[in-house]
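Report on the following structure.
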Amino acid sequence: MPLYDCMLLLKPKVGKELLIDLVGRVGKHVYRRNGVLTEVRSFGKVNLGYGIKKLDGRHYEGQLMQMTMMVTPNFNKELQYLNKENRLLRWLLVKHRGTDYGVDTTFDHTKGDYGGESLGGRSLFNDRSDEDDEDDEDEPV
């Protein structure tokens, strides 16, 4: 199952109890679909770059929550009920791309090391190549 981040932007006047209730409902929905909720993070109140217009007025501030989860790819369609949620200003589901998960993908048992490429003693910040060094020796001073 791929890893997703669900970003929830709630209205600034929503109380903690209602915020926890909404996050709990999404979390229960993840578990019912045999998913795993790996992290829940609150960024608190954030100032928005522009106002978001809702029925109760325009909001220039919101409470930002991030829920990281492993769920099936069709889970996005199952979250459409959040569109009718009056406590939310916006929500977004983002898939983590190009990330391998599990012990088999990070540890190579044949080499005995973790993944990653070796630089072979070269520096990442070395702008000069070996050919440049040879050219310097041939030139007179």
Side-chain angles (χ1 to χ4, degrees), residues 1-139 141:
M1 282 190 277
L3 193 65
Y4 290 92
D5 278 332
C6 181
M7 304 298 293
L8 303 171
L9 183 63
L10 292 98
K11 293 180 180 177
K13 302 290 183 189
V14 172
K16 273 193 176 179
E17 300 84 23
L18 296 173
L19 185 137
I20 292 170
D21 176 55
L22 181 64
V23 170
R25 281 183 32 216
V26 174
K28 286 178 187 175
H29 193 86
V30 168
Y31 288 124
R32 274 187 264 139
R33 300 291 181 241
N34 294 329
V36 177
L37 193 62
T38 59
E39 184 180 6
V40 177
R41 187 183 307 172
S42 173
F43 293 97
K45 288 194 177 183
V46 293
N47 292 321
L48 305 177
Y50 58 90
I52 298 176
K53 187 176 179 183
K54 290 293 182 179
L55 293 175
D56 59 345
R58 191 171 290 273
H59 299 275
Y60 293 93
E61 190 178 58
Q63 297 180 54
L64 187 61
M65 295 286 300
Q66 175 185 357
M67 300 173 68
T68 306
M69 57 189 80
M70 293 182 95
V71 290
T72 57
N74 61 353
F75 190 72
N76 187 31
K77 294 180 182 97
E78 297 176 15
L79 284 180
Q80 295 301 318
Y81 71 90
L82 290 175
N83 291 333
K84 295 177 177 57
E85 184 63 49
N86 62 356
R87 294 176 278 188
L88 277 176
L89 294 173
R90 296 279 190 268
W91 69 274
L92 175 70
L93 191 68
V94 181
K95 182 178 182 181
H96 287 234
R97 301 249 184 222
T99 308
D100 296 327
Y101 305 102
V103 175
D104 296 336
T105 59
T106 57
F107 186 77
D108 187 359
H109 294 285
T110 59
K111 294 180 183 176
D113 65 348
Y114 287 91
E117 294 183 21
S118 172
L119 295 175
R122 293 178 288 153
S123 171
L124 287 173
F125 305 104
N126 188 2
D127 293 334
R128 299 180 60 189
S129 65
D130 293 332
E131 292 113 18
D132 292 341
D133 293 337
E134 294 172 5
D135 292 343
D136 292 341
E137 295 171 2
D138 294 339
E139 295 177 14
V141 178

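Every value quoted in this text rests on a predicted model; they were computed, and no experiment measured them.
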Trace of the side chain to side chain contact (heavy atoms under 4.5 Å, CB included) decision for M7 with L64:
CA-CA 7 Å; M7 304 298 293; L64 187 61; 4.0 Å; yes
Using the rule given for side chain to side chain contact (heavy atoms under 4.5 Å, CB included), can you reason through L79 versus L93, listing the C-alpha separation, both sets of side-chain angles and the distance that settles it, and then say yes or no?
CA-CA 9 Å; L79 284 180; L93 191 68; 4.2 Å; yes
D21 and R87: CA distance, side-chain angles, deciding distance, salt bridge (Lys or Arg N to Asp or Glu O under 4.0 Å) verdict:
CA-CA 11 Å; D21 176 55; R87 294 176 278 188; 3.4 Å; yes
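Between the side chain of E85 and the main chain of Y81, no donor-acceptor pair closer than 3.5 Å is present.
Among all heavy-atom pairs drawn from H59 and L48, the shortest one is O-CD1, 3.7 Å. Among all heavy-atom pairs drawn from W91 and N76, the shortest one is CH2-OD1, 3.7 Å. Closest approach of V26 to L82, counting heavy atoms only: CG2-CD2, 4.2 Å. In this structure, G62 and L89 approach most closely via the heavy-atom pair CA-CD1, 4.3 Å.
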List the atom pairs, with distances to 0.1 Å, where a side-chain N or O of residues 10-18 and a protein N or O form a donor-acceptor pair under 3.5 Å, not counting sequence neighbours.
| from | atom 1 | to | atom 2 | distance (Å) |
| --- | --- | --- | --- | --- |
| K11 | NZ | D56 | OD1 | 3.3 |
| K11 | NZ | D56 | OD2 | 3.2 |
| K11 | NZ | N86 | O | 2.9 |

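Applying the 6.0 Å contact sphere to OH of Y50 captures no more than 12 heavy atoms from other residues, nucleotides or ligands. The number of heavy-atom neighbours closer than 6.0 Å to NZ of K28, taken from other residues, nucleotides and ligands shown, is 12 or below.
Taken to the nearest 0.5 Å, the CG atom of D5 stands 8.0 Å off from the CZ atom of R41. The CG atom of L9 sits 11.5 Å away from atom CE of M65, with the distance rounded to the nearest 0.5 Å. If you take CG on N83 and CZ on R90, they are separated by 10.0 Å, rounding to the nearest 0.5 Å. From N34, atom CG reaches atom OG1 of T72 across 9.0 Å, with rounding to the nearest 0.5 Å. In this structure, Y4 OH and M67 CE are separated by 15.0 Å, a value rounded to the nearest 0.5 Å. Taking CZ of R33 as the start and CZ of F75 as the end, the distance is 8.0 Å to the nearest 0.5 Å.
Residues T68 and V40 are not in side-chain contact: their nearest non-hydrogen atoms beyond the backbone lie 4.5 Å or more apart.
Across M69, M70, H29, a single residue satisfies side-chain contact (heavy atoms from CB on, under 4.5 Å) together with L37, and that is M69.
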